[in-house]
Amino acid sequence: MTDPLPVAFYDRPVVDVAQDLLGCVVRHGATAGRIVETEAYHQSEPACHAYVGLTPRTRVLFGTPGRAYVYRSYGIHALLNAVCEPEGEGAAVLIRALEPIEGVDLMRERRGLVRKRDLCSGPGKLTQALGIELELNDAPLDGPISFHPRPPGDPPPSVACERIGITRAVELPWRFCALGSEHLSRPIPPS
DNA sequence: CATGGGATTGACT
DNA sequence: GTCAATCCCATGC
């Protein structure tokens with residue numbers, strides 16, 4: 001496996017990082033997947049948790065880039081983000097879907113499912129499949145959780161569209177999807 | 001201290 | 001298509 005992405009990769013505008021993460025590999029233990037769907041969040045817009053400023057919850061978002069922001073959603077699911085932008089600026093990329101590439105049987109055990117396309121096709125599904133929980137909040141992304149560059153070559157064809165499941169700043173086209181992937185959380189809406 | 005609202009998912013009509 | 005599950009934490013009294 002290649003070296004993890006350097007901290008400088010994340011110390012950039014969060015929308016750029018969200019697009020560039022498509023095709024990269026997320027690993028945790030014996031499980032790994034290729035990123036096919038991301039969303040960018042930034043303190044300047046109200047859908048971002050960091051919009052409310054520095055609180056105990058948002059401390060990690062405002063911290064050093066290249067770390068995991070993991071939080072509980074709807075009391076049930078853990079959602080995985082990569083903290084971006086310089087320290088002091090609250091921003092992160094939500095990892096919304098993966099194409100499973102390693103440890104698929106272990107993912108099936110954790111998810112209680114058989115169909116490969118259902119294992120990591122959603123932000124709550126992929127954390128369950130990879131065994132990622134809240135204790136990994138603030139963990140560096142070159143540790144137990146690691147992010148790795150995509151293979152050399154042209155970037156995967158992708159498209160920007162509106163983010164999913166939010167009620168504010170819904171118009172921003174900050175969701176990025178790999179074109180043609182069978183592992184998205186939801187289809188790409190018609191343009 | 002009480003309340004309300006989610007960056008979701010799976011089961012069900 | 002509808003809806004409940006369930007926990008963290010921001011907000012307001």
Side-chain angles (χ1 to χ4, degrees), chain A residues 10 13-19 21-22 26 31 33 35-63 65 67-85 89-100 107-139 141 145 147 158-178 181-189:
Chain A
Y10 307 95
V14 65
V15 174
D16 293 348
V17 179
Q19 179 148 20
L21 276 173
L22 292 177
V26 177
T31 52
I35 298 173
V36 296
E37 182 180 343
T38 62
E39 284 178 358
Y41 288 87
H42 187 267
Q43 66 179 84
S44 61
E45 45 89 13
C48 182
H49 292 170
Y51 185 72
V52 300
L54 185 59
T55 67
R57 184 192 203 190
T58 62
R59 175 182 59 83
V60 175
L61 278 173
F62 285 95
R67 289 174 176 255
Y69 169 53
V70 185
Y71 72 95
R72 176 129 358 254
S73 173
Y74 291 92
I76 300 171
H77 310 287
L79 268 54
L80 171 66
N81 300 250
V83 175
C84 294
E85 307 265 9
E89 194 167 340
V93 174
L94 171 67
I95 309 303
R96 286 197 57 90
L98 305 175
E99 173 190 346
M107 291 183 186
R108 288 193 170 110
E109 283 183 29
R110 287 168 171 161
R111 295 270 301 125
L113 291 169
V114 175
R115 286 174 65 203
K116 186 179 170 193
R117 75 165 56 112
D118 294 330
L119 294 177
C120 299
S121 56
K125 298 177 184 178
L126 70 91
T127 55
Q128 184 184 23
L130 270 62
I132 292 170
E133 253 300 336
L134 296 200
E135 59 187 15
L136 289 164
N137 189 35
D138 204 26
L141 295 176
I145 306 177
F147 281 35
S158 64
V159 64
C161 49
E162 291 180 354
R163 296 176 292 183
I164 293 174
I166 56 172
T167 58
R168 298 177 293 180
V170 294
E171 71 285 355
L172 291 176
W174 284 6
R175 176 190 180 214
F176 298 94
C177 297
S181 175
E182 296 293 309
H183 303 273
L184 300 178
S185 67
R186 292 183 53 181
I188 299 166

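Here is the naming used below: chain letters follow the sequence lines, and residue numbers restart at 1 for every chain.
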Step-by-step side chain to side chain contact (heavy atoms under 4.5 Å, CB included) determination, Leu119(A) to Arg108(A): CA-CA 7 Å; Leu119(A) 294 177; Arg108(A) 288 193 170 110; 3.9 Å; yes

Side-chain N,O (Arg168(A)) to OP1/OP2 (dA7(B)) below 4.0 Å: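 It does not, given that no N or O in the side chain of Arg168(A) lies less than 4.0 Å from OP1 or OP2 of dA7(B).
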
Base-pairing string, 5' to 3', of DNA chain C - Watson-Crick or wobble, under 3.5 Å, | interstrand: |||||.||||||.

Of Ile164(A) and Gln128(A), the one whose closest DNA chain B nucleotide lies more 5':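 Mapping each residue to its closest nucleotide by heavy atoms, the 5'-most match is Ile164(A).
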
Ser121(A) vs Thr167(A), nearer the 5' end of DNA chain B by closest nucleotide: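 Final value for this comparison: Thr167(A).
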
With no hydrogens and no angle check, is any side-chain donor or acceptor of [X] less than 3.5 Å from a backbone partner on [Y]?
X	Y	result
Glu45(A)	Ala47(A)	yes
Glu37(A)	Ala97(A)	no
Arg72(A)	Leu134(A)	no
Arg163(A)	Ala169(A)	yes

Hey, does [X] reach any base, or is it just sugar-phosphate, or nothing, if we go heavy atoms under 4.0 Å?
X	value
Ile166(A)	sugar-phosphate
Arg163(A)	nothing
Arg111(A)	sugar-phosphate

dA7(B) base stacked by Tyr41(A) (centroids within less than 5.5 Å, tilt under 30°):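 Stacked: ring centres under 5.5 Å, planes under 30°.
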
Closest contact, heavy atoms only, Tyr41(A) versus Ile164(A):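 Closest approach of Tyr41(A) to Ile164(A): OH-O, 4.4 Å.
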
Given dA7(B), dG10(B), dT8(B), the nucleotide with the shortest approach to the side chain of Lys125(A):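 For Lys125(A), the side-chain atoms sit closest to dG10(B).
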
Residue Leu134(A), side-chain atoms from C-beta onward, closest of dT9(B), dA7(B), dC8(C):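 Closest nucleotide among those given: dC8(C).
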
Step-by-step side chain to side chain contact (heavy atoms under 4.5 Å, CB included) determination, Leu130(A) to Leu80(A): CA-CA 11 Å; Leu130(A) 270 62; Leu80(A) 171 66; 5.9 Å; no

Close residues, residues 52-63 of chain A, relative to DNA chain C [heavy-atom separation under 4.0 Å]: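 DNA chain C contact set from residues 52-63 of chain A: Val52(A), Thr55(A), Pro56(A), Arg57(A).
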
Side-chain donor-acceptor contact under 3.5 Å, Glu89(A) with His42(A):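 Yes - a donor-acceptor pair under 3.5 Å links their side chains.
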
